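Encoded as structure tokens, the structure appears first; notes follow it.
Note: hydrogens, waters and symmetry copies are ignored here, and every other heavy atom, side chains too, is used. Here the structure is a predicted model, which is why all the values come from computation and not from measurement.
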Amino acid sequence: MASKRVLKKRIKRIAGIFVADALIMSDIYPQKDDKIQELLDQTQQEYQEVLDALNHRFFRGKRLKKHERYQKRKEAKSLYKKQLKENVENFMKAIDHAYKEFGNLIDKNE
């Protein structure tokens, strides 16, 4: 797994490129602005879920008994990686879906 810092930068870069593309699409096709805004909202929600998963680990800040710490640490690490992987995959699927919808908007307009 890449470091959290690098992963955040990559996710932010992908989201920024998508937003720029969406703004360009909105300028080119102002009649389709509602659909483009809907796609932006969906991807922004997935983006927030990825950032929340990156920033909030399981059992962080909770005081555990000494004999529970080791077991819970392993459990928390595996849950964190699993949740993060799912959220990143969902974000990438949302971006792919949005670009496919952009393609459909272009095909319908021409």
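- With values rounded to the nearest 0.5 angstrom, E49 atom CD is found 9.0 Å from Q83 atom CD.
- Residues L39 and Q42 are in side-chain contact: their nearest non-hydrogen atoms beyond the backbone lie under 4.5 Å apart.
- Considering every non-hydrogen atom in both D27 and P30, the closest pair reads O-CD, 3.8 Å.
- Separation of atoms OG1 (T43) and CG (N90) is listed at 13.0 Å; rounding is to 0.5 Å.
- In this structure a side-chain-to-backbone donor-acceptor pair under 3.5 Å is missing from S26 to A22.
- Under a 3.5 Å cut-off, the side chain of Y47 and the backbone N or O of I11 do not form any donor-acceptor pair.
- Looking at residues two or more places apart in sequence or on another chain, you find no side-chain hydrogen bond (donor to acceptor under 3.5 Å, both in side chains) involving Q48.
- Pairing each heavy atom of V50 with each of L84, the nearest pair is O-CD1, 4.4 Å.
- You'll find the side chain of I106 reaches within 4.5 Å of the side chain of M25, heavy atoms only.
- Counting heavy atoms from C-beta outward, M92 and I14 have side chains that approach closer than 4.5 Å.
- Here the side chains of L105 and Y29 are not in contact, with every heavy-atom distance at 4.5 Å or above.
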Checklist entry - Given D41 and Q37, is the side chain to side chain contact (heavy atoms under 4.5 Å, CB included) satisfied, shown in steps? => result CA-CA 6 Å; D41 292 341; Q37 185 62 40; 3.2 Å; yes

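- F18 and F102 have parallel rings, their planes meeting at less than 30° on a 0 to 90° scale where 60° marks the start of perpendicular.
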Checklist entry - Can Y99 and N104 be said to form a side chain to side chain contact (heavy atoms under 4.5 Å, CB included), step by step? => result CA-CA 9 Å; Y99 276 116; N104 291 341; over 6 Å; no

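- Annotation: side chain of L51 is not in contact with side chain of F91 (no heavy-atom distance under 4.5 Å).
- In plain terms, the two heavy atoms of A53 and N87 that are nearest each other are CB-ND2, 3.0 Å.
- Between the side chains of K8 and N55, a donor-acceptor pair is found at a separation under 3.5 Å.
- R10 contributes atom CZ, which lies 12.5 Å from atom CZ of R5 (distance to the nearest 0.5 angstrom).
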